[in-house]
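Written below as structure tokens is the structure these notes are about.
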Amino acid sequence: MEYSEALDVVLAHSHTLPAVRAAPLAALGAVLAEDVLAPHAHPPFAASIKDGYAVRSDDAAREYSVVGASRAGVERRTPLGRGEAVYITTGAPLPPGADAVVQIEEATAVDDAGRAVGAATSTSARIRLRTPPARGQDVRPVGFDVAEGSAVLRAGGRVGAAEVGLLATLGCREVAVARRPKLAVLSSGDELVDPLDAAAPPLRAAAIFDANRPMLLAAAAGEHADAVDLGVVADDAAALEAALEEALRRGVDVLVCTGGVSMGDRDLIKPLLAARGTVHFGKVRLKPGKPLTFATVPRHAPHAPPLLVFALPGNPVSAHVCFHLVVAPALRKLAAAPSPRPRRLLARLAAEVKLDKERPEFHRARLSSTARGLLAHSTGEQISSRLLSCVGADALVELPAAADRGAPTIPAGALVSVLLIGDLARGDGAWMDLLPAALPPHSPRQQWEGVRAGLVWSAGICGGAASDAVAAARRALSEAAAGGVYVGEEKRLEEEAALAEEALRGLCASCRLVVALGIPVDTVLRAGESGQMCRGVSSLSSLLRQACADRAPATLLGNWGVVQFGSGLVFCMPGIAMAVPAALHAVMPLLPHALP
Ligand SMILES: Nc1nc2c(c(=O)[nH]1)N[C@H]1C(S)=C(S)[C@@H](COP(=O)(O)OP(=O)(O)OC[C@H]3O[C@@H](n4cnc5c(N)ncnc54)[C@H](O)[C@@H]3O)O[C@H]1N2
Ligand code: MOO
């Protein structure tokens, strides 16, 4: 199974958890289940933006008697008369009658005879202004920041620090959020010593410390899941089954275990999961993470959704990478995140990389910013046991297998897609604005280098016609992009609408160009997610339609064209081998200008 397919399967089994009500601080990291409407305006009164004097802008006087003070937190009821000013502090309410504030730097203290006696202060009895005040100057009127009843936060947004602050501003004591997923973690292996156990003996011969459980407990916290520690479990079928029972008993949504999923005689997890539930996949064409396993186990209570079980490989790097590739997206889907899939960016390779012969690889890298966009720097030796390759990594570079790429390496400077796994805001000083001199200049091929394309055709194009059109599309894509684009994913679309739409969303999330054969524009538009750009591109659509019609006039009757889908483009064209190259050659030359 390919990674993209494995992710589709995982997401199809991850159902959003019910909404609960929580105090804003307790909701930190959760996804809002409802829009939040402002229960009142902010500021709730007209407030001063400066420390200075509140005055009436219709007052012709330039000299004022200071008749009192309005300080933050204190209401002053006496209206302001003509020729009067009130000393005011930032955030304090304007007294009735005042409609402007003049900052204190603009005022001079004067004596009764109007002689200047120095800079104005909070105790000056008379002041003169340098310039007449304008109406509304340095005043925040009622509702200037937030209008009463306005939707300040939208369902689907995550509660972060700013959201907590905004909810506090508005006095919201509770919000509706999707329940936080509960995730249990265990490590299996007779060689493991628990480093979290203060009473653990020193390492005996052939033993190592358990790295995976603490790492995954930390990763769960990073995804705002509530973690349950099920400890280290021996390579023993009964002990593993007892741990699975414990996870079910504690009502967790997800169980993550590591180790014991490969080919060894102590690899007991898969048989246990097969006996107790359904193993949806047990091998993925993926490096690291080949034996990645996903299963669902029914609960004892009827109608309760099944427990999701991820059995990750024991190698610590494989466990870390697989967590980001499938577990984190599942947790995000459970937590109601509208886009749970890993976020993809484009970056250039800082140095040449060697490709694995057979498996697509997720190469750990740090990102830096350059004048030509992001640059991905390898974290060095990528063997699955070396956790140092994950330390400080921001991204997983998606490398195709050499067999798929038709080349053993990808050169420095090539554009590649990367999955974000770190927090770019955290930074580590690697951000720079200068282009490293080592990067070779652009070539026409490099314009397309590393751009991942997808090919999808409808199940409705039967037998030979589909394979001819698909082969023609593969060839034409490669020609039109001077061999730079590679086809990273192929899918046959089922007739059932919901399945077809989910598959299209998955493909569009992972590919910047998607060639859709026999799939009309409407189908793609229906697959668009709320909040995501999904629209027809009329200029490219007419070029594509014209090119198809030149080869096969009847295609003019079809609903073909180009759709912008998030950060990618989908070419909907008839599944007719003769029309496909013409359509691609018509639109590809324009794409360097159009690719969003
Ligand atoms: N004959 C084959 N052998 C292996 C294959 C294969 O296809 N055929 N696949 C290899 C790949 S790829 C991986 S990945 C590993 C996965 O193995 P398991 O998931 O069964 O894990 P273990 O054998 O239990 O452990 C592998 C490795 O990781 C260390 N480990 C395990 N748990 C932890 C932990 N909690 N903390 C730190 N280190 C841990 C363990 O000691 C082993 O060194 O299988 C390959 N073999
Ligand atoms: O899949 Mo394993 O993680 O390559 O070492």
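Every value quoted in this text rests on a predicted model; they were computed, and no experiment measured them. Order of appearance sets the numbers: ligands from 1, and atoms from 1 within every ligand.
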Return the residue, atom name and 0.1 Å-rounded distance of the protein heavy atom closest to atom 3 (O) of ligand 2.
-> S318 OG, 2.4 Å

Candidate with minimal heavy-atom separation from atom 31 (C) of ligand 1, of P195, G314, P316 = G314

For atom 4 (O) of ligand 2, which protein heavy atom lies nearest, and how many Å away is it?
-> R359 NH1, 3.1 Å

Would one find an N or O of I208, backbone or side chain, under 3.5 Å from an N or O of ligand 1?
-> no

For K287, is at least one N or O under 3.5 Å away from an N or O on ligand 2?
-> no

Hey, is NZ on K283 packed in by over 12 heavy atoms from elsewhere, all under 6.0 Å?
-> no

Side chain, backbone, both or neither: the part of P288 lying under 4.0 Å from ligand 2 by heavy atom | both

Given A211, S188, A206, which one has a non-hydrogen atom that is nearest to atom 37 (C) of ligand 1?
-> A211

Does an N or O anywhere in G260 fall below 3.5 Å from an N or O of ligand 1?
-> yes

Nearest non-hydrogen atom to atom 11 (C) of ligand 1 belongs to which of G189, S318, P313, P291?
-> P291

Nitrogen or oxygen atoms of R359 and ligand 1 under 3.5 Å apart = no

Under 3.5 Å between some N or O of ligand 2 and some N or O of G289?
-> yes

